[in-house]
Amino acid sequence: MRSDVMKKGIDRSPHRSLFKAMGYLDSEIKGPLIAVANSANEIIPGHIHLRQIADAVKAGIRMAGGTPVEFGVIGVCDGITMNHAGMKYSLPSREIIADSIEIMCSAHPFDGLVLVGNCDKIIPGMLMAAGRLNIPAIYISGGPMLAGNYKGKSLDLISTFEAAGKVRLGNMSEKELLAWEDVACPGPGSCAGLFTANSMNCLSEALGMALPGNGTIPAVDSRRVRLAKQAGMKILELIKKNITPRKVMTEKAFRNAMVVDMAFGGSSNTTLHLPAIAKEVGVDLSLKEFNIISGKTPHLCSMSPGGKYHLEDLDRAGGISALMKELTRKKLLNTEEITVSGAKLKENIKDAEVIDSEVIRPLKNPYHKTGGLAVLFGNIAPEGSVVKEAAVAPAMLKFTGRARVFESEESAVKTIFEKKIKPGDCVIIRNEGPKGGPGMREMLTPTSAVMGMGLGESVALLTDGRFSGGTRGACIGHISPEAAAGGPLSIVKEGDIIEIDIPARKLNVRLSNAEIENRLKNIKPIKYLETRSYLSRYRRMVTSGSNGAVLK
């Protein structure tokens, strides 16, 4: 066993003594030692209940003859950090999470690893660590939150963000906003729509690193606890069979994840996280490949924020297994890939069936003929930019507008709330990329404000930062190279004409190449105040959003 290096033999008597100081029995020390990386905390609703999930995992490990050893993992709540400086730390936390798990599992050579997470950057950070360590590992999430309900209307977190814009416009009272606020997030779990957290939880199934049901079983459902026990038991089987993350997360497995991503219309942030995870196992994913896969994958699920369904509906309809079963009818998936169930993908989904053909539409009747995400290229996005096409109103798929240029999210939000953004405007928020932010802030407040104020079909938003997985509308993010790195977004001026053509995958400013080159020559590099903070180090080391914003 891998853990023998720290516990076996005469020379390891002091080490065993330290284990015994914590109450471990000789029999526990002799058995396989399984790390349980638990990101439970009291600041993320998706993680508030992970103590229970981790306990179930540990019970499963013990039932299968292993010894669980738990340690903590940090986590940032994207919703609570939205629209203030705290969001600068969200994406950078992904690297800290991956590094800290690597440290714990390298300093203490465990035999296996169970990753207990649920939200946003925690999931990719954990999967990055698993790929880097390459010891038997399995991921188990805390499950999605149920949708809220107000007078028969389904609500989720995004409803409250957009409602704030309605109040500013005078179309909703503050009293009703409070009523929505009280019920929109009714309990624990990752926020109810197909935002970043739930997109990644579902894609972990498609990637083969989580058991069937991981992405959709609600947080409050007892099946979630049973699944956690199964994950704990399964890790002992993975050790016995020597099934490691690099045997699971193959190039074909990443293709499967990208196909599922397009079929259910996942968060635009998956274009950051899948490439970042892939790099840890030696697989190279480019933004252009997302377009290739989107072109051949129909969009089968109309999920919030672009549609009316929530994760509980997707679960009721058959879950990710049923969606993948439908995709195999067109041979869009590589079903021979091994998964952490110990079986091939085809065995995991053989008994799956679609229960509700509106939630998971058949291939012959998709919501859209192509996938949910699109990558746009052009003279202000030569390395690419990303939009959640499935959540864009048809009227905005092709759009020409006047540039309204802002150097930060705060200045843009202030102008939107002051009702100074008009139909036909194209709001540009720059210097919010990985280096410029730093941290590539996620911006749900400006996009929700635009929707809440009734401008969703007449105003576009562009940024070198990120938009939330909960964003809907003509919101194009990840523009690369970013302005702070000298990208052409830095030369756009107030009043320039922006041309967006999502079906053609194009994003341009109406300027000649000569004019763009001339403006670029006159751009002065930003001088940043050096500090001792993590963000200062992150700025120096982070790469482009088109490269997954990984560190050099």
Under 3.5 Å, is there a donor on one side chain and an acceptor on the other for [X] and [Y]?
| X | Y | answer |
| --- | --- | --- |
| Ser199 | Ser267 | no |
| Ser141 | Arg224 | yes |
| His310 | Asp156 | yes |
| Glu205 | Asn214 | no |
| Tyr139 | Asn201 | yes |
| His47 | Ser39 | yes |

Presence of salt bridge, [Y] and [X], under 4.0 angstrom:
| X | Y | result |
| --- | --- | --- |
| Arg316 | Asp313 | yes |
| Asp78 | Lys121 | yes |
| Glu409 | Arg441 | yes |
| Glu418 | Arg168 | no |
| Glu326 | Arg361 | no |
| Asp315 | Arg223 | yes |

A side-chain contact here means heavy atoms from C-beta on lying under 4.5 Å apart; do [X] and [Y] qualify?
| X | Y | answer |
| --- | --- | --- |
| Glu162 | Ser448 | yes |
| Met440 | Glu432 | no |
| Asn431 | Ser408 | no |
| Asp356 | Ile360 | no |

Quick one: does NZ or CZ of Arg430 land under 6.0 Å from the six-membered ring centre of Phe406, within 45 degrees of the ring axis?
no
Mind running side chain to side chain donor-acceptor pair (under 3.5 Å) on Arg226 and Ser222 for me, showing each step along the way?
CA-CA 6 Å; Arg226 299 201 296 270; Ser222 66; 3.0 Å; yes
Atom NZ of Lys229 with >12 non-hydrogen neighbours under 6.0 angstrom:
no
What's the verdict on side chain to side chain contact (heavy atoms under 4.5 Å, CB included) for Ile429 and Arg404, showing C-alpha distance, side-chain angles and the deciding distance?
CA-CA 9 Å; Ile429 307 173; Arg404 301 293 309 277; over 6 Å; no
